[in-house]
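First the structure, in the form of structure tokens, and then the observations on it.
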Amino acid sequence: MKDFINVTYDDIRVIDLKGVRSQEEFHERIREGLRVPSYYGNNLDATYDVLTSIVYRLLVVVVHYDELNEEVASYLERFRGMCNAACEDNHNLSVAFLSSSDPQNSII
């Protein structure tokens, strides 16, 4: 787990998953939060490509992930794994999953 508090970031982007009920809505929120190009592919491979192409210090904060239905919660776990891989491949990137109900929030 990274220490994201003591790092200076060039930008911080928030992906708010409140009310998301499908994978399509999940990727809509990614598009909005990351401000990705219109040709974004709406899948985890495309998200990985976006995150690993970042050339400045970026913190991505994912919020309201603990309110997802079972289908989307399962997809979120795949998203977390992809974020972990993207952070390993791009040292400019940090991703935080912040929950209002969990005092042990995680940062990748």
Side-chain angles (χ1 to χ4, degrees):
M1 186 182 303
K2 290 183 184 176
D3 178 7
F4 69 100
I5 301 295
N6 296 315
V7 176
T8 301
Y9 294 96
D10 299 316
D11 198 3
I12 298 173
R13 307 271 175 96
V14 176
I15 299 174
D16 187 349
L17 299 178
K18 187 175 187 112
V20 169
R21 300 282 179 245
S22 67
Q23 287 182 23
E24 293 79 18
E25 289 179 19
F26 192 95
H27 283 284
E28 285 176 24
R29 299 299 176 85
I30 290 173
R31 277 196 315 271
E32 293 167 3
L34 295 180
R35 297 179 225 143
V36 296
S38 60
Y39 57 83
Y40 171 72
N42 295 320
N43 60 60
L44 295 180
D45 288 337
T47 309
Y48 175 86
D49 290 344
V50 168
L51 294 176
T52 56
S53 67
I54 302 292
V55 295
Y56 52 88
R57 293 288 305 152
L58 175 66
L59 172 62
V60 176
V61 181
V62 181
V63 296
H64 296 119
Y65 68 89
D66 50 345
E67 302 172 11
L68 301 173
N69 65 33
E70 187 176 319
E71 173 192 345
V72 181
S74 173
Y75 194 70
L76 174 73
E77 290 310 309
R78 292 177 49 208
F79 175 73
R80 269 189 199 259
M82 181 278 308
C83 287
N84 201 9
C87 288
E88 288 177 11
D89 292 341
N90 184 350
H91 298 287
N92 289 317
L93 176 67
S94 296
V95 180
F97 290 82
L98 302 181
S99 168
S100 57
S101 63
D102 183 5
Q104 298 294 326
N105 292 301
S106 65
I107 180 79
I108 298 172

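Starting from 1, each residue takes its place in the sequence as its number.
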Checklist line | Those residues that, when tested against Glu77, pass salt bridge (Lys or Arg N to Asp or Glu O under 4.0 Å) (two or more places apart) | finding: Arg80
Next item on the list: Say whether, by atom type as modelled, one donor and one acceptor occur between the side chain of Arg29 and the main chain of Lys18 under 3.5 angstrom.
Entry: yes
Notebook entry, point to check: Can you name the side chain to side chain donor-acceptor pair (under 3.5 Å) partners of Asp49, sequence neighbours left out?
Noted result: none
Margin query: The criterion is side chain to side chain contact (heavy atoms under 4.5 Å, CB included); which residues satisfy it with Glu25, sequence neighbours excluded?
Written below: Val20, Arg21, Ser22
Notebook entry, point to check: Excluding sequence neighbours, so at least two apart, what forms salt bridge (Lys or Arg N to Asp or Glu O under 4.0 Å) with Asp11?
Noted result: Arg13
Next item on the list: Pick out which of Glu28, Arg31, Glu24 makes a side chain to side chain contact (heavy atoms under 4.5 Å, CB included) with Asn42.
Entry: Arg31
Next item on the list: Mind checking the CZ-CG spacing from Arg78 to Leu44? Nearest 0.5 Å is all I need.
Entry: 5.5 Å
Next item on the list: Just jot down the side chain to side chain donor-acceptor pair (under 3.5 Å) partners of Ser53, sequence neighbours excluded, or say none.
Entry: none
Item checked: Contacts of Thr52 that satisfy side chain to side chain contact (heavy atoms under 4.5 Å, CB included) - sequence neighbours left out -> Tyr48, Ala86, Asp89
Next item on the list: Identify, with sequence neighbours excluded, every residue that meets side chain to side chain donor-acceptor pair (under 3.5 Å) alongside Asp16.
Entry: His64
Margin query: List the residues meeting side chain to side chain contact (heavy atoms under 4.5 Å, CB included) with Ile54, not counting sequence neighbours, and say none if there are none.
Written below: Tyr56, Leu58, Asn90
Side-chain atoms of residues 33-41: list all donor-acceptor pairs with protein atoms under 3.5 Å, sequence neighbours left out, distances to 0.1 Å.
{"residue": "Tyr40", "atom": "OH", "partner": "His27", "partner atom": "ND1", "Å": "2.7"}
{"residue": "Tyr40", "atom": "OH", "partner": "Thr47", "partner atom": "OG1", "Å": "2.4"}

Next item on the list: Tell me, please, which residues at least two apart from Glu71 pass side chain to side chain contact (heavy atoms under 4.5 Å, CB included).
Entry: Gln23, Asn69
